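If you're wondering where the values come from, they're calculated on a predicted model, not measured in any experiment.
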Amino acid sequence: MEASRIALPIGTALDRFIKNNQDQFQYANGELSQLLRDIALASKVVNREVNKAGLIDIMGPMGSQNTGGEQQQKLDVLANIRFTRALTKGGEACALISEETESFVDLNNEGRYMIAIDPLDGSSNIDVNVSIGTIFSIYRRKSPVGQPIQENDILQTGDEQVAAGYILYGSSTMLVYTTGHGVNGFTYESTLGEYVLSHPDMNIPEDGKIYSINEGLSNSFSQPVKSYVQYCKDNNYTARYIGSLVADFHRNLLKGGIYIYPATAKDKNGKLRLMYECNALAFLAEQAGGQATNGKSRILKIKPKDLHERTPFYVGSKKMVEKAASFI
Ligand code: AHM
Ligand code: MG
């Protein structure tokens with residue numbers, strides 16, 4: 001956060017926080033603030049549905065696949081509808097790309113922002129009451145308003161994000177976001193129906209002892225990744241892996257740690273999507289003092305060639321990511 005800014009106290013409502021910080025943004029005219037409010041509102045609806053998941057028939061597979069060939073869950077599809085609807089109605093977003101949708105959605109309006117979203121990440125945890133999340137990135141539109149959406153409005157590098165964040169549907173529901181001026185976390189107070197500031201100016205510990213990787217896949221890791229995992233063991237690190245990226249990232253952000261999804265024999269470029277998952281978390285990690293790399297380059301520098309492009313992902317505490325990268 002900027003030193004000159006008067007810090008708002010814990011308990012400040014998200015709306016007030018957004019309003020108070022609006023002038024940090026170089027194009028400050030309220031549109032980005034409204035977008036963040038739209039996302040927060042949609043997340044409250046999704047949160048309500050996630051919380052009811054065992055009671056009504058919204059768990060289980062949809063019977064369809066997304067663009068990556070993965071089984072869509074009913075809640076994946078529902079969350080996609082909720083966020084798309086909120087962003088369409090809001091009018092600030094001109095286009096939307098989503099992990100659940102094959103091509104970009106032209107919202108056909110005068111909006112100046114493009115949104116990339118993974119509406120409900122951690123699909124395999126939906127049915128078993130384990131934390132899941134929503135991940136979003138916000139970019140400025142490049143083509144002039146009024147013209148059809150161009151490829152360069154969509155395929156932007158992570159460095160061009162103007163805001164990014166996630167919602168964690170966990171033991172409490174949290175919204176964590178950045179507009180490039182630090183990272184702030186808000187906890188949902190369900191009786192008030194409000195997100196309130198609970199984690200101001202979040203910083204990830206520079207070093208840590210937690211490593212998060214699906215070791216069940218270790219036979220298909222490259223030798224350098226195997227060696228790094230061995231290094232973690234040799235140094236008595238603790239393994240923690242939920243299998244929900246947002247939850248694993250959030251824990252490591254608070255406690256210090258590294259999350260890794262490397263290339264595997266099955267997924268030569270790793271499993272995670274650059275535009276829906278990695279860019280947003282890389283932006284948050286860097287804003288909190290951490291790092292994110294694909295092993296060779298900063299995640300935020302990668303120029304996407306495809307909407308659904310995947311990348312190996314190493315994110316977390318600065319020293320841990322540097323160490324992992326030194327193996328790779
Ligand atoms: P999804 O977008 O289909 O939910 O997949 C992403 C998830 C991440 O949340 C998680 O870290 C990873 O996939 C787990 O994958 P695996 O089960 O291969 O370890
Ligand atoms: Mg996902």
Side-chain angles (χ1 to χ4, degrees), residues 14-15 17-19 21-43 46 79-80 82-101 104-121 133-143 145 149-168 174-186 195 246 249 273-288 292 299-300 302-304 307:
L14 176 66
D15 260 8
F17 185 91
I18 290 174
K19 193 159 172 272
N21 288 290
Q22 189 167 300
D23 61 349
Q24 281 181 339
F25 186 55
Q26 59 167 314
Y27 312 99
N29 58 7
E31 288 176 321
L32 179 70
S33 301
Q34 189 52 43
L35 253 180
L36 290 167
R37 285 191 203 102
D38 292 343
I39 290 171
L41 179 62
S43 78
V46 172
N80 196 35
R82 296 290 182 232
F83 281 101
T84 307
R85 197 176 287 166
L87 293 165
T88 309
K89 277 195 185 157
E92 291 82 22
C94 59
L96 180 77
I97 59 171
S98 159
E99 185 177 303
E100 303 303 332
T101 313
F104 70 86
V105 182
D106 186 343
L107 298 179
N108 227 347
N109 63 24
E110 308 267 285
R112 289 191 173 80
Y113 294 92
M114 194 286 284
I115 317 293
I117 191 160
D118 183 351
L120 210 54
D121 182 73
T134 296
I135 309 173
F136 62 91
S137 295
I138 304 179
Y139 299 84
R140 287 280 292 182
R141 173 194 190 135
K142 292 195 165 170
S143 62
V145 168
I149 300 297
Q150 311 283 319
E151 191 177 277
N152 68 348
D153 293 321
I154 305 290
L155 296 180
Q156 300 197 41
T157 58
D159 261 339
E160 294 173 290
Q161 292 172 101
V162 293
Y166 59 79
I167 296 107
L168 171 61
M174 281 193 72
L175 169 70
V176 175
Y177 81 95
T178 182
T179 55
H181 299 273
V183 178
N184 289 282
F186 300 79
Y195 283 103
V246 171
F249 177 87
R273 270 62 160 216
L274 176 61
M275 296 210 67
Y276 311 116
E277 290 157 333
C278 304
N279 273 341
L281 299 186
F283 189 20
L284 287 159
E286 288 196 5
Q287 283 294 316
I299 291 292
L300 298 180
I302 302 171
K303 175 80 188 142
L307 288 188

Donor-acceptor pair, [X] side chain versus [Y] backbone, under 3.5 Å?
X: Glu160; Y: Thr157; value: yes
X: Ser43; Y: Ile167; value: no
X: Gln287; Y: Gly182; value: yes
X: Lys303; Y: Leu155; value: yes
X: Glu277; Y: Arg273; value: yes

Original post:
Does Arg141 have any salt bridge (charged side-chain N to carboxylate O under 4.0 Å, His left out) partners at least two apart in sequence or in another chain, and if so, which?
Top reply: none
Regarding [X] and [Y], do their side chains bring together a donor and an acceptor under 3.5 Å, going by distance alone?
X: Tyr276; Y: Ser137; result: no
X: Asp153; Y: Tyr113; result: no
X: Gln34; Y: Asp38; result: yes

Original post:
Are more than 12 heavy atoms from other residues, nucleotides or ligands located less than 6.0 Å from atom NZ of Lys89?
Top reply: no
Does the side chain of [X] reach to within under 4.5 Å of the side chain of [Y], using non-hydrogen atoms?
X: Arg112; Y: Arg140; result: yes
X: Phe186; Y: Ile18; result: no
X: Leu300; Y: Glu286; result: yes

Subject >> salt_bridge(Asp15, Arg37) N-O dist < 4.0 Å >> reply: yes
